Structure formats: structure tokens, C-alpha cells
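Remember, it's a predicted structure, so these values are computed and weren't measured experimentally. Just so you know, residue 1 is the first one in the sequence shown, and it goes up from there. Heavy-atom basis, side chains included; hydrogens, waters and symmetry copies ignored.
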Amino acid sequence: MKPTHAAPYALALLVLTACGTGTGTDTGEGRRSLAVTNVPWEARSVTVDGRTYPAPEGVEMELSAATARRGGGKIDGRGGCNRFWGTAALDKERMRVSGYTMTMEACLDDESTAFQKKFLGTLSGDNRLSVSADGRTLRLADGADRITFDKGSAQ
């Protein structure tokens with residue numbers, strides 16, 4: 001029987017296939033969902049009409065794994081003073097948020113109210129989605145308006 005050297009190559013191919021090679025910027029549904037879903041995203045800033053506003057602590061969102069499936073899934077988070085939840089759908093390099101609802105707690109100051117309005121206004125609708133190569137920064141943009149998020153720590 002002639003010795004074969006195919007077995008080590010087959011094993012290496014199997015291991016590489018199981019591990020995947022996506023960085024999170026790939027537009028394939030499976031890898032995109034692993035990169036941005038079931039992860040707390042903490043808002044860093046919102047840019048509206050050319051002006052950037054730093055996010056107060058606690059402004060965040062999280063997408064369910066179902067957002068990468070046909071029909072979408074849920075999004076929830078905190079816009080500042082109030083919690084919100086709704087429907088979100090990922091499609092390649094786009095994210096669409098629709099039908100969100102929020103609590104009606106009063107903000108303590110006008111600045112918090114204004115930021116929450118800018119954040120939720122920019123978040124809702126259809127946005128271009130991009131993830132940094134290291135997977136630590138997510139950006140949603142609709143033209144010049146955008147929200148920048150940092151990957152939070154799972155609690």
C-alpha cells in the first residue's frame with residue numbers, strides 16, 4: 001500500500017472551515033450576525049447636520065441574532081433617558097430600524113432630551129452599517145448623519 005499525505009491537508013482544511021475566516025466586515029449573513037448581534041454596543045457619538053455630539057454614558061443598543069435573518073429581529077437599548085425596543089433587519093451593509101417604542105421617563109435636562117432625540121432619529125430608518133477591521137467599532141450612517149458605537153462588554 002502506497003503512503004498518502006492527503007490526510008494532514010484534509011484535516012487542516014476541516015479546521016479552517018470550522019473556524020471561519022470572517023472579520024465581521026464580510027457581508028455574508030452568518031459572519032455579519034456573529035460580528036454585530038448579541039453584543040452590547042455603547043454609543044460614542046452622534047453626528048447630525050455636520051455637528052458631532054458626544055454620547056452620555058449609558059446610551060446603547062443590542063441586536064438579536066434574528067436581525068440577520070429574513071424578516072429581521074429585535075433591537076433594544078437606551079437612548080439616554082429612556083429605554084427603546086423595536087424591529088431591526090440587517091441586509092449586507094445596511095441596517096433598517098422600524099417600529100420602535102420607548103419608555104416615557106422625563107430627562108433631567110434639555111441637553112439629555114436633545115441628545116436622545118438626535119440619537120433615536122438617526123438610528124431609525126435605513127442606515128449604511130460598517131464594522132471596523134478589529135470588530136470593536138460599529139458605525140451607522142445615513143448620508144452625513146451617523147452614530148458611532150464601541151463594542152461594550154457582555155454583562
Side-chain angles (χ1 to χ4, degrees), residues 13-105 107-108 111-155:
L13 181 60
L14 179 62
V15 169
L16 286 173
T17 303
C19 292
T21 57
T23 62
T25 56
D26 188 282
T27 58
E29 269 185 13
R31 284 178 272 187
R32 168 61 46 100
S33 67
L34 291 175
V36 302
T37 63
N38 296 328
V39 172
W41 290 100
E42 299 170 356
R44 183 188 326 153
S45 63
V46 174
T47 301
V48 176
D49 296 329
R51 185 163 175 209
T52 300
Y53 303 88
E57 190 174 332
V59 177
E60 61 188 14
M61 71 157 185
E62 188 165 336
L63 302 163
S64 72
T67 57
R69 295 187 201 123
R70 179 175 227 127
K74 86 175 188 175
I75 181 173
D76 61 41
R78 190 163 204 62
C81 313
N82 291 283
R83 296 210 54 79
F84 68 90
W85 57 97
T87 302
L90 294 173
D91 181 24
K92 299 187 182 189
E93 294 181 359
R94 309 288 304 170
M95 184 175 99
R96 179 155 187 72
V97 175
S98 60
Y100 76 86
T101 304
M102 68 179 193
T103 59
M104 299 299 289
E105 299 172 35
C107 294
L108 297 177
E111 188 175 318
S112 297
T113 303
F115 182 87
Q116 180 173 264
K117 184 176 179 180
K118 288 174 182 63
F119 174 78
L120 292 172
T122 304
L123 182 67
S124 64
D126 190 24
N127 286 289
R128 183 176 182 282
L129 180 138
S130 61
V131 180
S132 63
D134 66 1
R136 305 279 316 149
T137 304
L138 179 142
R139 179 171 283 166
L140 296 173
D142 179 17
D145 293 348
R146 66 183 174 275
I147 306 173
T148 302
F149 295 91
D150 291 325
K151 192 177 219 177
S153 57
Q155 297 184 15

Discussion item. Are there over 12 heavy-atom neighbours, none belonging to Glu57, within less than 6.0 Å of that residue's CD?
Written reply: no
Practice prompt. Could you list the residues that satisfy side-chain contact (heavy atoms from CB on, under 4.5 Å) with Asp142, not counting sequence neighbours?
Written response: Asn127
Item to complete: Sequence neighbours left out, what passes side-chain contact (heavy atoms from CB on, under 4.5 Å) with Ala89? Give chain and number order.
Response: none
Practice prompt. Could I get the full list of salt bridge (charged side-chain N to carboxylate O under 4.0 Å, His left out) partners for Arg44, not counting sequence neighbours?
Written response: Asp150
Practice prompt. Quick one: list whatever passes side-chain contact (heavy atoms from CB on, under 4.5 Å) with Thr101, sequence neighbours left out.
Written response: Trp85
Worksheet entry | Those residues that, when tested against Thr52, pass side-chain hydrogen bond (donor to acceptor under 3.5 Å, both in side chains) (two or more places apart) | Thr47
Discussion item. Using side-chain contact (heavy atoms from CB on, under 4.5 Å), reason through Thr37 and Leu90 one step at a time and then give a plain yes or no.
Written reply: CA-CA 10 Å; Thr37 63; Leu90 294 173; 4.2 Å; yes
Worksheet entry | Partner residues of Arg96 under the salt bridge (charged side-chain N to carboxylate O under 4.0 Å, His left out) criterion, sequence neighbours left out | none
Practice prompt. Give the C-alpha distance, both sets of side-chain angles, the deciding distance and a yes or no for side-chain contact (heavy atoms from CB on, under 4.5 Å) between Glu60 and Arg83.
Written response: CA-CA 9 Å; Glu60 61 188 14; Arg83 296 210 54 79; 4.1 Å; yes
Quick one: side chains of residues 112-126, donor-acceptor pairs under 3.5 Å with protein atoms, not counting sequence neighbours, listed by atom name and distance.
| unit_1 | atom_1 | unit_2 | atom_2 | d |
| --- | --- | --- | --- | --- |
| Ser112 | OG | Asp109 | OD1 | 2.9 |
| Ser112 | OG | Asp109 | OD2 | 3.4 |
| Thr113 | OG1 | Asp109 | O | 3.2 |
| Gln116 | OE1 | Cys81 | N | 3.0 |
| Gln116 | OE1 | Asn82 | N | 2.9 |
| Gln116 | OE1 | Asn82 | ND2 | 3.4 |
| Thr122 | OG1 | Lys118 | O | 2.9 |
| Ser124 | OG | Leu120 | O | 3.2 |
| Ser124 | OG | Gly121 | O | 3.3 |
| Asp126 | OD2 | Arg94 | NH2 | 3.3 |

Discussion item. Using modelled atom types and a 3.5 Å cut-off, is there a donor and acceptor pairing between side-chain atoms of Asp145 and backbone atoms of Asp49?
Written reply: yes
Discussion item. Could you work out, with side-chain hydrogen bond (donor to acceptor under 3.5 Å, both in side chains) as the rule, every residue matching Arg139, not counting sequence neighbours?
Written reply: Thr148
Worksheet entry | Side chain proximity check, Met95 to Leu138, heavy atoms < 4.5 angstrom | no
Discussion item. Run the side-chain hydrogen bond (donor to acceptor under 3.5 Å, both in side chains) test against Ser64 and tell me which residues pass, sequence neighbours left out.
Written reply: none
Worksheet item: Can you find a heavy atom in the side chain of Lys151 that is under 4.5 Å from one in the side chain of Trp41?
Response: yes
